[in-house]
Amino acid sequence: MALVFFLVLLFSSIISPKVHACSQTERSSLLASFTHTLSSPPFNWSSSINCCHWNGISCNQDGWVTHLILASKGIKGGFKLASLANLTHLTHINLSHNSLYGSLVQTELFLSLKSLEVLDLSHNLLSGKLPSSLPSSNILTVDLSSNHLHGAIPPTFFHGAWHLTSFNASNNAFSGSIPSSICLQHSSPLIRHLDVSSNNFNGIILPGLGDCSKLQVFRAHHNNITGLLPEDIYNATELEEIALHFNSLYGAISDRIVNLTNLAILDLSFNQLSGVLPFQLGKLSKLSHVILDFNNLRGSLPPSLMNCTNLIEVRLGANNLGGDISTLNFSTLSRLSKLDLFWNNFIGNLPTSLYSCRSLQAIRLSVNNLQGQIYPEILSLKSLSFLSLGEIKLTNLAGAIKILMRCKTLRTLCLSGSFISGANLDDNSMG
Ligand SMILES: *[C@@H]1O[C@H](CO)[C@@H](O)[C@H](O)[C@H]1NC(C)=O
Ligand SMILES: *[C@@H]1O[C@H](CO)[C@@H](O)[C@H](O)[C@H]1NC(C)=O
Ligand SMILES: *[C@@H]1O[C@H](CO)[C@@H](O)[C@H](O)[C@H]1NC(C)=O
Ligand SMILES: *[C@@H]1O[C@H](CO)[C@@H](O)[C@H](O)[C@H]1NC(C)=O
Ligand SMILES: *[C@@H]1O[C@H](CO)[C@@H](O)[C@H](O)[C@H]1NC(C)=O
Ligand SMILES: *[C@@H]1O[C@H](CO)[C@@H](O)[C@H](O)[C@H]1NC(C)=O
Ligand SMILES: *[C@@H]1O[C@H](CO)[C@@H](O)[C@H](O)[C@H]1NC(C)=O
Ligand SMILES: *[C@@H]1O[C@H](CO)[C@@H](O)[C@H](O)[C@H]1NC(C)=O
Ligand SMILES: *[C@@H]1O[C@H](CO)[C@@H](O)[C@H](O)[C@H]1NC(C)=O
């Protein structure tokens, strides 16, 4: 008797599993979104009436669709984002790396997706302007990078997106001001990653970033931004990366930069910055990349820089820097891989302390007023592949060539204005 009862229980639990099927509305919303894509509807979506079992779809226990994950599925064609508006329980949308086109302007869509946390539409062919605001107060991550979106970021765009931690708009055609007020009232004070690089943003960087107390990565390189570095950026003390290369910024780097004690990557190359390097720059002990080439910086290298033992790359070429670099002792920089001081006014003897930087792969000191000698100890740089000493007065040119020919790793060598090439020397660049 007990056995029969048990079997009945077992059987009924098999035929009526406690998972609810998705509703007709949810099913038709999903199908409607993709009716114009080439693989429409994607995959075998029509194979089951319960859309919770479809490829790329997950539901919660009550049968509401929560996840739409179809990244890198080769989906091509017009995408009706607006049709997703009825999927009000969606928390994750990831359609990145497809060939979807269409527009995001349907504001009502974003307003109805109240539970959305992750929206990744990156690497598609989406065009048009941004809607006036982001989906919801639950939104955490928005990646719209590598599309054809344009226009200004609406002033209200981040309103109510309290929990947003990551916003990526890079590689589009956005214009207007960069969204530096993102952390101000009604907006997203918790932002950690803000990437608006490779767009057509212009104008100055308006104050506001100083209120981003969690900001770690700030990228706005490859735009048309002008003006000074905003004074309040030095208040965003969690910053680990500032990447503003290829813009038209001018003015000096403030001494207040030493407040950014977490800074590892500082790339301000290809701007019109002037002034001297902050004397206490070396207080930034986490610095790994100091990339300031192609500016109008003057003055000498702050000796404190030799305290930055995590430095991997130092590029200061094409500035008006000067001073006697033989007085600096580079031997503390054991991780230094690239040193580029080319086209400045440095004077003095070639610094032999560089021979102690065992990670060095590329050294460019050409076009300076340096002089001196190459010593056999340079052969202790076991990874050296690029050495450019053009226009430097070498006192032992023949001896230098003899020594350097014994350097098996060297692929590019430039001495005193004449390029030397050999069996193991071929093209390579500082880049
Ligand atoms: C969404 O829901 C509304 C009414 O709730 C309905 O009129 C509309 O057809 C639905 N859209 C889709 C794509 O199912
Ligand atoms: C097609 O759908 C069935 C069930 O509906 C599923 O078992 C199968 O894995 C799906 N095929 C693909 C390629 O996703
Ligand atoms: C979206 O999916 C791709 C591919 O799986 C993944 O690399 C990416 O991190 C996902 N995006 C988000 C925001 O999780
Ligand atoms: C933003 O997206 C671009 C391209 O998809 C990517 O290379 C970059 O690393 C992303 N930025 C951040 C901060 O993750
Ligand atoms: C950059 O902005 C200036 C005005 O500030 C404008 O004259 C110029 O055409 C812009 N350059 C590009 C490449 O958009
Ligand atoms: C930076 O922060 C300090 C202290 O919180 C504040 O007094 C100052 O006004 C801020 N500077 C800017 C430019 O916002
Ligand atoms: C920033 O540094 C200055 C001195 O350079 C100091 O007076 C100020 O208190 C620092 N501000 C913060 C927020 O650490
Ligand atoms: C390097 O750091 C040490 C200890 O923090 C300090 O005493 C020294 O003055 C610093 N060197 C330079 C050149 O700033
Ligand atoms: C550089 O400093 C190291 C110790 O850190 C010392 O051994 C070496 O002699 C110094 N080299 C020069 C050229 O001053």
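Values below: all heavy atoms of this structure, side chains included; hydrogens, waters and symmetry mates excluded. Quick caveat: nothing in here was measured; it's all calculated off a predicted structure. All ligand and atom numbering here is 1-based and tracks the order in the structure.
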Mind telling me whether [Y] and [X] have parallel, tilted or perpendicular rings, with 30° and 60° as the class edges?
X	Y	answer
Y355	Y375	perpendicular
F246	H222	parallel
F294	W343	perpendicular

Exercise for the section: Give the numbers and elements of all ligand 9 atoms closer than 4.0 Å to a heavy atom of S331. Expected result: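 Near S331, the atoms of ligand 9 are 1 (C), 2 (O), 3 (C), 5 (O).
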Handout entry: Close N or O approach (N329, ligand 9; < 3.5 Å)
Key =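 Between N329 and ligand 9, an N or O pair is found under 3.5 Å apart.
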Exercise for the section: Could I get the full list of side chain to side chain contact (heavy atoms under 4.5 Å, CB included) partners for S177, not counting sequence neighbours? Expected result: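 Scan of S177 (side chain to side chain contact (heavy atoms under 4.5 Å, CB included), adjacent residues dropped) gives L206.
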Handout entry: Those residues that, when tested against D267, pass side chain to side chain contact (heavy atoms under 4.5 Å, CB included) (two or more places apart)
Key =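 Only H245, S269, I291 meet the side chain to side chain contact (heavy atoms under 4.5 Å, CB included) criterion with D267.
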Practice task
Provide the number and element of each atom of ligand 6 under 4.0 Å from a heavy atom of N235.
Solution key: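 Close to N235: 1 (C), 2 (O), 3 (C), 8 (C), 10 (C), 11 (N), 12 (C), 14 (O).
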Exercise for the section: May I ask you to identify, for D232, whether its side chain, its backbone, both or neither come under 4.0 Å of ligand 6 on a heavy-atom basis? Expected result: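 Near ligand 6, D232 shows its backbone as well as its side chain.
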Problem - side chain to side chain contact (heavy atoms under 4.5 Å, CB included) evaluation trace for I242 with L260 - result: CA-CA 10 Å; I242 300 177; L260 303 181; 3.9 Å; yes
Exercise for the section: Kindly give the heavy-atom pair with the smallest separation between L277 and L301, and that separation in Å. Expected result: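 Heavy atoms only, the tightest pair is CD1-CD2, 4.0 Å.
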Provide, line by line, the atom pairs where ligand 4 and the protein bring an N/O atom each to a distance under 3.5 Å; else say none.
{"unit_1": "ligand 4", "atom_1": "2 (O)", "unit_2": "S145", "atom_2": "OG", "d": "3.2"}
{"unit_1": "ligand 4", "atom_1": "2 (O)", "unit_2": "N168", "atom_2": "OD1", "d": "3.4"}
{"unit_1": "ligand 4", "atom_1": "2 (O)", "unit_2": "N168", "atom_2": "ND2", "d": "2.3"}
{"unit_1": "ligand 4", "atom_1": "2 (O)", "unit_2": "S170", "atom_2": "OG", "d": "3.4"}
{"unit_1": "ligand 4", "atom_1": "5 (O)", "unit_2": "H123", "atom_2": "NE2", "d": "3.0"}
{"unit_1": "ligand 4", "atom_1": "5 (O)", "unit_2": "S145", "atom_2": "OG", "d": "2.8"}
{"unit_1": "ligand 4", "atom_1": "9 (O)", "unit_2": "R219", "atom_2": "NH1", "d": "3.1"}
{"unit_1": "ligand 4", "atom_1": "11 (N)", "unit_2": "N168", "atom_2": "ND2", "d": "2.9"}
{"unit_1": "ligand 4", "atom_1": "11 (N)", "unit_2": "D195", "atom_2": "OD2", "d": "2.7"}
{"unit_1": "ligand 4", "atom_1": "11 (N)", "unit_2": "R219", "atom_2": "NH1", "d": "3.2"}

Problem - Sequence-distant partners of C183, disulfide (SG to SG under 2.5 Å), two or more places apart - result: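 C183: disulfide (SG to SG under 2.5 Å) contacts with C212.
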